[in-house]
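Computed from a predicted structure; not experimentally measured. Nothing fancy with the numbering, it's 1 onward along the sequence.
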Amino acid sequence: MFEVEVKYRVPGHDAIKEKLKALNAKFLEHTEETDIYFNSPIRDFAKTDEALRVRIYGDGTVVLTYKGPRIGGIGKTREELSVTVNDLESLLEILRRLDFKEVARVIKRRDIYNYENFTIYIDIVEGLGNFVEVETMVNDRELINKATEEVLQLGDKLGLRRDWIERKTYLELVLEKNSMNKP
């Protein structure tokens with residue numbers, strides 16, 4: 001599966017939530033997520049544009065996700081493979097013993113909406129601010145460009161300006177911020 005996503009850095013969420021309501025988008029849930037990112041002992045994920053993430057949901061669910069290199073231009077499209085794990089501490093210990101190194105944590109509060117075949121995430125990311133992600137999933141590489149255009153069109157409908165598009169991942173933004181804060 002390929003995740004086709006466009007992320008926007010926004011000044012606030014109120015107007016977007018009103019547009020979602022007007023479109024009859026379905027509110028799914030409010031959640032808090034902690035993402036722990038790791039680097040591989042055999043290759044540098046920053047150089048290969050891959051990611052290995054452990055996500056801990058507010059309800060205690062733990063998901064390990066591998067994200068392949070980004071595909072395409074404006075959006076953040078990647079192959080994504082995930083598995084739910086029932087023992088966080090054992091998972092973290094396995095990664096440590098295999099010499100995977102934690103590189104950063106991203107903590108966010110998130111409201112999740114569904115509209116047609118799209119998922120819209122209204123995010124407040126600790127230390128970074130307000131964001132909106134619009135995404136859909138496709139199972140064929142040939143559908144990525146069409147899906148990206150559909151994601152952008154929905155963003156336009158929601159009043160998300162294209163000059164608000166944030167091409168960097170939350171991980172990249174956190175690492176960038178952390179490097180700026182070091183003496």
Side-chain angles (χ1 to χ4, degrees), residues 1-8 28-29 31-123 125 128 131-152 154-155 165-175:
M1 291 292 282
F2 297 93
E3 173 190 66
V4 179
E5 170 193 302
V6 177
K7 179 190 329 198
Y8 302 83
L28 299 178
E29 68 175 319
T31 186
E32 295 191 15
E33 299 173 355
T34 299
D35 294 338
I36 308 170
Y37 288 90
F38 291 87
N39 201 6
S40 168
I42 34 183
R43 63 182 182 256
D44 185 350
F45 289 158
K47 290 180 181 167
T48 62
D49 194 30
E50 296 169 284
L52 183 67
R53 176 189 75 204
V54 174
R55 174 169 286 169
I56 306 138
Y57 291 91
D59 68 359
T61 301
V62 178
V63 177
L64 175 67
T65 301
Y66 164 79
K67 292 184 174 223
R70 283 173 274 210
I71 303 165
I74 207 161
K76 202 169 61 69
T77 302
R78 298 172 173 246
E79 181 180 27
E80 190 171 293
L81 304 168
S82 295
V83 62
T84 301
V85 180
N86 64 6
D87 186 340
L88 173 62
E89 292 311 315
S90 290
L91 172 61
L92 294 176
E93 186 60 26
I94 289 168
L95 292 171
R96 282 186 209 105
R97 288 185 187 199
L98 293 173
D99 288 331
F100 282 80
K101 303 290 184 226
E102 182 178 331
V103 294
R105 291 185 182 224
V106 176
I107 300 168
K108 61 185 167 282
R109 292 188 314 278
R110 171 172 266 189
D111 287 339
I112 305 172
Y113 292 82
N114 177 261
Y115 176 72
E116 295 178 353
N117 61 327
F118 302 94
T119 305
I120 301 96
Y121 300 96
I122 307 292
D123 292 343
V125 182
L128 297 178
F131 295 86
V132 174
E133 294 183 6
V134 180
E135 78 172 38
T136 192
M137 300 293 282
V138 295
N139 57 9
D140 186 340
R141 205 178 186 103
E142 299 297 315
L143 299 174
I144 291 172
N145 288 338
K146 181 177 185 275
T148 300
E149 188 51 42
E150 291 171 350
V151 165
L152 288 167
L154 178 55
I165 291 173
E166 176 56 69
R167 292 186 186 344
K168 294 178 183 169
T169 65
Y170 290 140
L171 172 61
E172 290 168 327
L173 293 169
V174 165
L175 291 173

Between CE of Met137 and CG of Asn117, what distance do you get to the nearest 0.5 Å?
11.5 Å

Using the rule given for side-chain contact (heavy atoms from CB on, under 4.5 Å), can you reason through Ile107 versus Asp35, listing the C-alpha separation, both sets of side-chain angles and the distance that settles it, and then say yes or no?
CA-CA 6 Å; Ile107 300 168; Asp35 294 338; over 6 Å; no

Donor-acceptor pair, Asn114 side chain versus Phe118 backbone, under 3.5 Å?
yes

Measure the NZ-CG distance between Lys108 and Leu128 for me, rounded to the nearest 0.5 Å.
10.0 Å

Between Val63, Thr65, Leu88, Val85, which is the residue that forms a side-chain contact (heavy atoms from CB on, under 4.5 Å) with Val54?
Leu88

Determine, stepwise, if the pair Leu143 / Val4 fulfils side-chain contact (heavy atoms from CB on, under 4.5 Å).
CA-CA 10 Å; Leu143 299 174; Val4 179; over 6 Å; no

Salt-bridged, Asp49 to Lys67, with N to O below 4.0 Å?
no

Between Leu152 and Ile165, is a side-chain contact (heavy atoms from CB on, under 4.5 Å) present by the stated rule, with each step listed?
CA-CA 10 Å; Leu152 288 167; Ile165 291 173; 3.8 Å; yes

Do Glu172 side-chain atoms and Thr169 backbone N/O form a donor-acceptor pair below 3.5 Å?
yes

Does a donor on one side chain and an acceptor on the other come within less than 3.5 Å for Glu50 and Thr48?
yes

Per ring-ring contact (aromatic ring centres under 6.0 Å, His included), Phe131 is matched among Tyr8, Tyr170, Tyr121 by Tyr170

Main-chain N/O of Phe45 paired with Asn39 side-chain donor or acceptor, under 3.5 Å
yes

Crowded around Asp87 CG? As in, over 12 foreign heavy atoms under 6.0 Å?
yes

Identified salt bridge (Lys or Arg N to Asp or Glu O under 4.0 Å) counterpart of Arg110 within the set Glu32, Glu29, Glu33
Glu33

Note, Ile120 side chain near Ile112 side chain (heavy atom, < 4.5 Å)
no

Check this for me, if you would: do Arg96 and Glu93 make a salt bridge, where the nitrogen-to-carboxylate-oxygen distance has to be below 4.0 angstrom?
yes

Decide yes or no on side-chain contact (heavy atoms from CB on, under 4.5 Å) for Met1 and Val138, but give the supporting numbers first.
CA-CA 6 Å; Met1 291 292 282; Val138 295; over 6 Å; no

Measuring from atom CZ of Arg55 to atom OG1 of Thr84, what distance do you get when rounded to the nearest 0.5 angstrom?
11.5 Å

Rounded to the nearest 0.5 Å, what's the gap from CG on Leu28 to CG on Asp111? Could you check?
10.0 Å

Using side-chain heavy atoms (C-beta onward) and a distance below 4.5 Å, is Leu52 in contact with Leu95?
yes

Under a 4.0 Å N-O cut-off, is there an ion pair linking Asp123 with Lys7?
no

Reported CZ-to-CZ distance for the pair Arg78 and Arg70, which is rounded to 0.5 angstrom:
5.0 Å

Using modelled atom types only, decide if a donor and an acceptor are shared between the side chain of Thr61 and the backbone of Tyr57 within a distance under 3.5 Å.
no

Give me the one residue out of Arg53, Lys101, Glu102 that meets side-chain contact (heavy atoms from CB on, under 4.5 Å) with Phe38.
Glu102

